[in-house]
Amino acid sequence: MSRELSPPDRAKFLAARQALTFVEDGMRLGLGTGSTAAWFHRLLAERIHREGLNVIGVPTSSRTRDLCLSLGVPLTTLDDAGWLDLTVDGADELDENLTLIKGGGGALLLEKIVATASDRMLVIADGAKRVHTLGAFPLPVEIVPFGWKTTKAIVEEALADLDVDGRNSTLRLANSEPFVTDEGHFIIDLHLGRIGDATALAHLLTDIPGVVETGLFIGIAQAAVIGEPGGTVIQMTLDEDDRLIAPPSPEEERQLIERLED
């Protein structure tokens, strides 16, 4: 990490820092996957080591697990935890109703399982992820490998009756091979442009045999913290107006980043 953060990284850092104010001693936490969530994991580890904060986390991917283990964040499984107090995770897009598109990192299935097994889900993101209408970011859909071409064709055909602007999909690749999730599935990304009815779309897709889950998170998140590169932090909830959060002073920010580097 550099002490001079790039504008996007500063926005993610500020959102993750504010998310820590939701964490209390003794909590069981769902730990999301992605670049913004990784900032939260680093900040959480720093607080654990500095304050002796007593928490335990359930990771949503092998990448999150490996990062948290390297940072010294205590981990458990969802089965052993039973239920979680709070999940903190990023989003690829979120709208004013806190409906999300997730899965850009390929962990959407485990992220949704963990988030729905929590009392509360808190989204952390930079301001570019906040949109009026979902759909510019391709919607990830997790599918089983068997007959994936047929499943993909059925998905595209089903989109014809929905209020979306695009109906093409692509198989996600990694090093010229199909990307494989932690659960052994493939992902197709739907290039929709605009999603007019997220609920109808989610129901249609999950009714298709071969589709495991979609990256649409509807009615799951209760709050979001949005960071901006200029230092503004906005806290969103469903039942209140947006609230501006005072950013750290430049000196506080510098010291915290230095501690993360040590």
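Everything numeric here is computed off the predicted structure, so don't read it as measured data. The first residue in the sequence is number 1, and the count goes up from there. Computed over heavy atoms, backbone and side chain alike; hydrogens, waters and symmetry mates excluded.
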task = Could you check T232 against L244 for side chain to side chain contact (heavy atoms under 4.5 Å, CB included), going step by step and ending with a plain yes or no?
result = CA-CA 7 Å; T232 301; L244 289 175; 3.6 Å; yes
inquiry  = Looking at every non-hydrogen atom in both residues, tell me the closest pair between P248 and L14 and how far apart they are.
reply    = CD-CD2, 3.6 Å
message = Tell me the closest heavy-atom pair linking A11 and P229, and the distance in Å.
response = CB-N, 3.7 Å
Interatomic spacing from CD1 in I56 to CG in L29 - rounded to 0.5 Å = 9.5 Å
query = Just by distance, with hydrogens left out, do T170 and H191 show a side-chain donor and acceptor under 3.5 Å apart?
reply = yes
query = About how many Å separate CG of D165 and CZ of R194, when rounded to the nearest 0.5 Å?
reply = 4.0 Å
query = Distance from L31 atom CG to F40 atom CZ, nearest 0.5 Å?
reply = 6.5 Å
key: Which atom of R17 lies closest to which atom of L256, heavy atoms considered   = CD-CD2, 4.2 Å
inquiry  = Could you check whether atom CD of Q255 has more than 12 heavy atoms from other residues, nucleotides or ligands sitting under 6.0 Å from it?
reply    = yes
request  = Grab the two heavy atoms, one from L110 and one from T60, that are nearest each other, plus how far apart they are.
outcome  = CB-O, 3.3 Å
query = If you round to the nearest 0.5 Å, how far is CD of Q235 from CG of L122?
reply = 7.5 Å
query = Any salt bridge (Lys or Arg N to Asp or Glu O under 4.0 Å) pairs touching residues 229-251, not counting sequence neighbours?
reply = R130-D242, E251-R254
query = Can you tell me how far the CG atom of L173 sits from the CD1 atom of I187, to the nearest 0.5 Å?
reply = 11.5 Å
query = Can you tell me if S62 and D182 form a side-chain donor-acceptor pair at under 3.5 Å?
reply = yes
CD1-CG distance between I218 and L98, expressed to the nearest 0.5 angstrom = 12.5 Å
ask   = How close do T64 and P59 get, heavy atom to heavy atom, and via which atoms?
value = CG2-CB, 3.8 Å
inquiry  = Quick check on the hydrophobic clustering: are L78 and L108 connected, directly or via other members, by side-chain heavy-atom contacts under 4.5 Å?
reply    = no
ask   = Considering the options L205, I195, T214, N168, which one meets the side chain to side chain contact (heavy atoms under 4.5 Å, CB included) requirement together with L190?
value = L205
key: Heavy atoms of other groups near H203 NE2, more than 12 under 6.0 Å   = no
message = If I compare all heavy atoms of F179 with all of G105, which pair ends up nearest, and what's the gap?
response = CZ-O, 4.0 Å
Side chain to side chain contact (heavy atoms under 4.5 Å, CB included) between I101 and L216, worked out = CA-CA 5 Å; I101 287 181; L216 285 168; 4.1 Å; yes
query = So if you build clusters from Ile, Leu, Val, Met, Phe, Trp, Tyr with side-chain heavy-atom gaps below 4.5 Å, do F217 and V131 land together?
reply = no
inquiry  = Check this for me: does any side-chain nitrogen of one of D126 and R10 sit under 4.0 Å from a carboxylate oxygen of the other?
reply    = no
Got a list of side-chain donor-acceptor pairs under 3.5 Å for residues 134-147, not counting sequence neighbours?
residue, atom, partner, partner atom, Å
E142, OE2, T181, OG1, 3.1
E142, OE2, H185, ND1, 2.8

inquiry  = Treating R28 as the side-chain partner and W83 as the backbone partner, does any N or O pair qualify as donor plus acceptor under 3.5 Å?
reply    = yes
key: Sole candidate of E93, E111, E213 that passes salt bridge (charged side-chain N to carboxylate O under 4.0 Å, His left out) when paired with K102   = E111
